[in-house]
*Asks:* 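Submitted below is the structure of interest, expressed as structure tokens.
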Amino acid sequence: MAALAFPRHVRTAPKPSFFSNKPKANARTRISVQSSLTPPQLGFSDPFVLELAEALEDSLPSPSPPKLSPLERIREVSSETLLSTPWPSRKDEPFRFTDTSFIKNSKIYPVSGPPPQSLEAPPACSEDTQLLHLAIVDGHIVEFGSNLSGLPDGVYVGSLSNATSESLVKRVGEFVSGFDWGDLFWSINGVGAPDLAVVYVPAGCQVENPVHLTYYSAEASDEGSNKLPLSNPRVFVVVEKGGEVDIVEEFMGGDRSRCYWANPVLEVVIGEGGKVRHSYVQNQSPCATHIKWTSVRQEAESSYQLVEVSSGGKLSRHNLHVQQLGPDTVTELSTLHLAFDEQTQDLHSRLVLDYPRGSSRQLHKCIVANSQGQAVFDGNVKVNRYAQQTDAGQLTRSLLLEPRATVNVKPNLQIIADDVKCSHGAAISDLEESQLFYFQARGIDLKTARKALVFSFGAEVVSQLPNSFVQKKVENQIRELLDPQ
């Protein structure tokens with residue numbers, strides 16, 4: 001295998017919308033931004049973004065949340081940044097290899113209400129009774145398909161609007177404005193999120209059974225249609241000092257011809273000594289667009305482990321940002337991206353280490369098995385000046401199984417501290433002829449040999465999924481990709 005080394009958002013009287021200079025008849029004012037910035041001062045650089053912002057505002061449920069609620073604050077902050085951010089193009093470095101023009105050319109309409117009660121519950125991991133299950137459909141938290149019985153004392157999983165504890169709402173509010181990163185899609189979610197799902201684990205509590213979050217897009221258009229329904233699920237996870245929890249995120253799309261845009265955001269805050277094991281399984285429709293943000297803040301001596309398997313979507317992009325905010329912090333990131341159709345699988349990760357004795361390990365693997373498929377990896381690890389005695393490693397490995405299959409990798413390690421142990425590397429190849437020969441010499445045909453080698457290539461990541469039921473389900477999905485009916 002050839003290796004490439006690199007040096008590295010109450011009805012009120014009608015009033016002007018924040019997103020328009022003209023008053024709207026019967027408008028519901030949901031975003032009231034106390035800011036010196038008015039629309040003319042913001043300087044709209046992209047009319048398309050302004051039109052989308054107004055559509056997002058109109059789609060929000062009524063009544064709006066209380067003025068000082070965390071969700072309203074998210075909408076306020078996001079509305080400001082959204083209007084000052086143009087739609088990305090290939091000329092922008094973060095989207096250099098990721099074409100989003102087909103989204104802009106579609107007729108985007110935000111999903112405006114919760115799904116009907118008659119909707120069949122999405123097929124999820126609820127078959128495993130050990131999983132605590134919360135269903136999120138088109139960004140709305142729904143009771144059907146959810147099972148939250150048996151939660152430990154003090155643990156809360158559900159919509160923040162249904163939380164009866166004022167202290168919990170206040171606690172979440174302390175964090176929502178603290179995430180200072182994000183791009184246009186982060187802001188679109190912040191303005192358009194109809195609800196805020198919360199997972200709260202109090203200090204010292206260990207949640208034995210995994211919390212399974214099932215995301216499903218009920219509203220969709222048919223393949224070939226120019227319509228693109230947009231949903232904006234948002235989840236906030238707070239794990240207090242010494243708390244532990246397993247989070248399983250599963251994104252499903254149903255029929256292969258369904259077209260929609262899922263734009264989820266997950267924010268995670270881990271207190272001192274807390275542990276979060278995060279499994280992320282993305283199996284959207286091949287005609288779908290999936291752009292996800294995951295942002296994590298880790299306090300001292302905390303641990304965050306991510307295992308990701310992404311195989312669906314015409315365009316799937318994961319923006320992953322992790323920041324270590326204390327010493328002796330551990331971060332482990334393992335991702336597997338599969339492009340078996342004409343699709344783009346994209347991971348942009350950023351890990352910032354600011355304190356001593358931090359540890360991080362990142363393994364990214366991708367398989368591109370279609371001549372029109374591509375994978376993108378842009379991984380940045382930044383070791384700042386006071387992050388002495390840091391131990392950081394980053395490795396990306398890619399399999400290209402078709403002549404025109406494409407992968408663009410950019411491992412990036414920035415080191416400012418001088419007492420560290422850091423490494424990174426990349427490898428891109430097809431299957432080894434010697435490995436194929438080994439199988440054939442034992443009477444195994446070439447097709448079977450290739451399937452076995454491809455499956456084992458991804459098994460290094462899949463085997464790290466902490467829940468056996470989820471792991472088995474993912475393995476079956478990969479087998480179906482390798483041997484389509």
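Since the model is a prediction, treat every value here as computed from it, not as a measurement.
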*Asks:* Please determine if R256 and D341 form a salt bridge, counting it only when a charged side-chain N lies under 4.0 Å from a carboxylate O.
*Replies:*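 A salt bridge is present here (some side-chain N lies under 4.0 Å from a carboxylate O).
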
*Asks:* Give a yes or no on whether a salt bridge exists between K314 and E342, defined as a side-chain N under 4.0 angstrom from a carboxylate O.
*Replies:*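 No, K314 and E342 are not salt-bridged.
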
*Asks:* Who pairs with F97 by ring-ring contact (aromatic ring centres under 6.0 Å, His included), at least two apart in sequence or on another chain?
*Replies:*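 Here no residue qualifies.
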
*Asks:* Any non-hydrogen side-chain atom of L363 less than 4.5 Å from a side-chain atom of L333?
*Replies:*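 Heavy-atom side-chain distance check fails, nothing below 4.5 Å.
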
*Asks:* Specify whether F251 and Y280 have parallel, tilted or perpendicular ring planes, treating 30° as the upper limit for parallel and 60° as the lower limit for perpendicular.
*Replies:*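 Plane angle over 60°, so perpendicular.
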
*Asks:* For residues L60 and G192, report the shortest heavy-atom separation together with the two atoms involved.
*Replies:* CD2-O, 3.7 Å

*Asks:* Salt bridge or not for R361 and D391, using N-O below 4.0 Å?
*Replies:* yes

*Asks:* Given L184, which partner from the list D92, D46, V49, N189 fulfils the side-chain contact (heavy atoms from CB on, under 4.5 Å) test?
*Replies:* V49

*Asks:* Just do the side chain to side chain donor-acceptor pair (under 3.5 Å) check on Q362 and S349 with the steps written out, would you?
*Replies:* CA-CA 10 Å; Q362 181 173 25; S349 65; 2.9 Å; yes

*Asks:* Measuring only between side-chain heavy atoms, which start at C-beta, is N319 closer than 4.5 Å to I291?
*Replies:* yes

*Asks:* Is the ring centre of F95 less than 6.0 Å from the ring centre of W87?
*Replies:*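 No - the distance between ring centres of F95 and W87 does not fall below the 6.0 Å cut-off.
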
*Asks:* What's the separation between atom CD in E267 and atom CZ in R297, rounded to the nearest 0.5 Å?
*Replies:*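 The CZ atom of R297 is 7.5 Å from CD of E267, to the nearest 0.5 Å.
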
*Asks:* Does this structure show an ion pair linking E250 with K473, if we count only N-O contacts that are shorter than 4.0 Å?
*Replies:*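 A salt bridge is present here (some side-chain N lies under 4.0 Å from a carboxylate O).
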
*Asks:* Without hydrogens or angle criteria, can the side chains of Q388 and Y355 be said to hold a donor-acceptor pair below 3.5 Å?
*Replies:*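 Their side chains do not contain a donor-acceptor pair, so the 3.5 Å distance test is not met.
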
*Asks:* Does the gap between the ring centers of F377 and H337 come in under 6.0 Å?
*Replies:* no

*Asks:* Is the OH atom of Y386 crowded by more than 12 outside heavy atoms at less than 6.0 Å?
*Replies:*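 No.
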
*Asks:* Identify the heavy atoms of A288 and Q284 that sit nearest to each other, and give their distance.
*Replies:*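 In terms of heavy atoms, the two residues are closest at CB-CB, 4.1 Å.
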
*Asks:* So, are D246 and K275 salt-bridged, with charged N and O less than 4.0 Å apart?
*Replies:* no

*Asks:* Using only heavy-atom distances, determine whether the side chains of K292 and T294 contain a donor-acceptor pair under 3.5 Å.
*Replies:* yes

*Asks:* Ignoring hydrogens, what is the shortest heavy-atom contact between S398 and C366? Give both atom names and the distance.
*Replies:* OG-SG, 3.1 Å

*Asks:* Just how far is it from atom NE2 of H290 to atom OG of S310, taken to the nearest 0.5 Å?
*Replies:*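 Answer for the NE2-OG pair, H290 versus S310, is 6.5 Å.
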
*Asks:* Please confirm whether W293 and H321 have ring centers closer than 6.0 angstrom.
*Replies:*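 Here the rings of H321 and W293 have centres that are less than 6.0 Å from each other.
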
*Asks:* Out of I478, I367, V474, L338, which residue meets the side-chain contact (heavy atoms from CB on, under 4.5 Å) rule with S311?
*Replies:*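 So, applying the side-chain contact (heavy atoms from CB on, under 4.5 Å) to S311 and each of I478, I367, V474, L338, only L338 qualifies.
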
*Asks:* Can you name the nearest heavy-atom pair linking P233 to I136, along with the distance?
*Replies:*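 P233 and I136 have their closest heavy atoms at CB-CG2, 4.1 Å.
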
*Asks:* Decide, yes or no, whether a salt bridge links E332 with R277 under the criterion of side-chain N to carboxylate O below 4.0 Å.
*Replies:*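 No, E332 and R277 are not salt-bridged.
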
*Asks:* In Å, rounded to the nearest 0.5 Å, how long is the span from CG of D138 to OG of S217?
*Replies:*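 Spacing of CG (D138) from OG (S217) equals 5.5 Å.
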
*Asks:* Does atom CD of E402 have more than 12 heavy-atom neighbours from other groups under 6.0 Å away?
*Replies:*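 Check passes, neighbour count above 12.
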
*Asks:* From R258 CZ over to E223 CD, what is the distance, rounded to the nearest 0.5 angstrom?
*Replies:* 12.5 Å

*Asks:* Where do R234 and D195 land on the side chain to side chain contact (heavy atoms under 4.5 Å, CB included) test, with the steps shown first?
*Replies:* CA-CA 7 Å; R234 197 176 189 104; D195 205 346; over 6 Å; no

*Asks:* Are any of the side-chain nitrogens in K451 or D483 under 4.0 Å away from the carboxylate oxygens of its partner?
*Replies:* yes

*Asks:* Donor-acceptor pair, S89 side chain versus K91 backbone, under 3.5 Å?
*Replies:* yes

*Asks:* Less than 4.0 Å between a side-chain N and a carboxylate O, is that true for R171 and E240?
*Replies:*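 Salt bridge flag = yes for R171 with E240.
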
*Asks:* Once ring-ring contact (aromatic ring centres under 6.0 Å, His included) is applied, do any residues pair with Y438, and if so which ones, sequence neighbours excluded?
*Replies:* none

*Asks:* Between R404 and T406, which heavy-atom pair has the shortest distance, and what is it?
*Replies:* O-OG1, 3.2 Å

*Asks:* Within the structure provided, determine whether E80 and L82 are in side-chain contact (heavy-atom separation under 4.5 Å).
*Replies:* no

*Asks:* Answer yes if the side chains of D346 and T344 hold a donor-acceptor pair under 3.5 Å, and no otherwise.
*Replies:*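 Short answer, no.
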
*Asks:* In chain order, what residues pass the ring-ring contact (aromatic ring centres under 6.0 Å, His included) check against H140, with sequence neighbours excluded?
*Replies:*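 If we apply the ring-ring contact (aromatic ring centres under 6.0 Å, His included) test to H140, skipping adjacent residues, there are no hits.
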
*Asks:* Taking CZ in R479 as the centre, count heavy atoms belonging to other residues, nucleotides or ligands within less than 6.0 Å. Is the count above 12?
*Replies:*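 Above 12, so yes.
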
*Asks:* Do V265 and V235 have side chains that approach each other closer than 4.5 Å (heavy atoms only, starting at C-beta)?
*Replies:* no

*Asks:* Any side-chain heavy atom of Y200 sitting closer than 4.5 Å to one from V157?
*Replies:*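 They are not in side-chain contact.
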
*Asks:* Any donor-acceptor pair under 3.5 Å linking the side-chain atoms of H318 with those of S316?
*Replies:* no

*Asks:* Is there side-chain contact between L320 and L306, with at least one heavy-atom pair below 4.5 Å?
*Replies:*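 L320 vs L306: side chains touch.
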
*Asks:* Is there a donor-acceptor pair under 3.5 Å between the side chain of N384 and the backbone N or O of A387?
*Replies:*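 Not a single qualifying donor-acceptor pair exists.
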
*Asks:* Is there a donor in the side chain of Y215 and an acceptor in the side chain of E249, or the other way round, less than 3.5 Å apart?
*Replies:* yes

*Asks:* Find the distance between NZ (K410) and CG (D378) and round it off to the nearest 0.5 Å.
*Replies:*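 CG of D378 is found 5.0 Å from NZ of K410.
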
*Asks:* Kindly indicate whether the side chain of F236, heavy atoms from C-beta on, has any atom under 4.5 Å from the side chain of V238.
*Replies:*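 The answer is yes; the side chains approach within 4.5 Å.
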
*Asks:* Check this for me, if you would: do E475 and K472 make a salt bridge, where the nitrogen-to-carboxylate-oxygen distance has to be below 4.0 angstrom?
*Replies:* no

*Asks:* Report yes or no: is the cationic atom of R317 (NZ for Lys, CZ for Arg) closer than 6.0 Å to the six-membered ring centre of W261, at no more than 45° off its axis?
*Replies:*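 No.
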
*Asks:* Looking only at side-chain N and O atoms, does T331 offer a donor or acceptor that is under 3.5 Å from a partner on Q298?
*Replies:* yes

*Asks:* Show the nearest heavy-atom pair for residues A426 and L395, with the distance to one decimal.
*Replies:*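 That closest heavy-atom pairing would be N-CD1, 4.4 Å.
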
*Asks:* For the CD atom on E433, are there more than 12 heavy atoms of other groups (residues, nucleotides or ligands in this structure) within a distance under 6.0 Å?
*Replies:*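 Counting other residues, nucleotides and ligands, CD of E433 stays at 12 neighbours or fewer.
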
*Asks:* Does any part of the side chain of L71, heavy atoms only, come nearer than 4.5 Å to the side chain of L160, both counted from C-beta?
*Replies:* no

*Asks:* When rounded to the nearest 0.5 angstrom, what is the spacing between CD in Q324 and OG in S302?
*Replies:* 7.5 Å

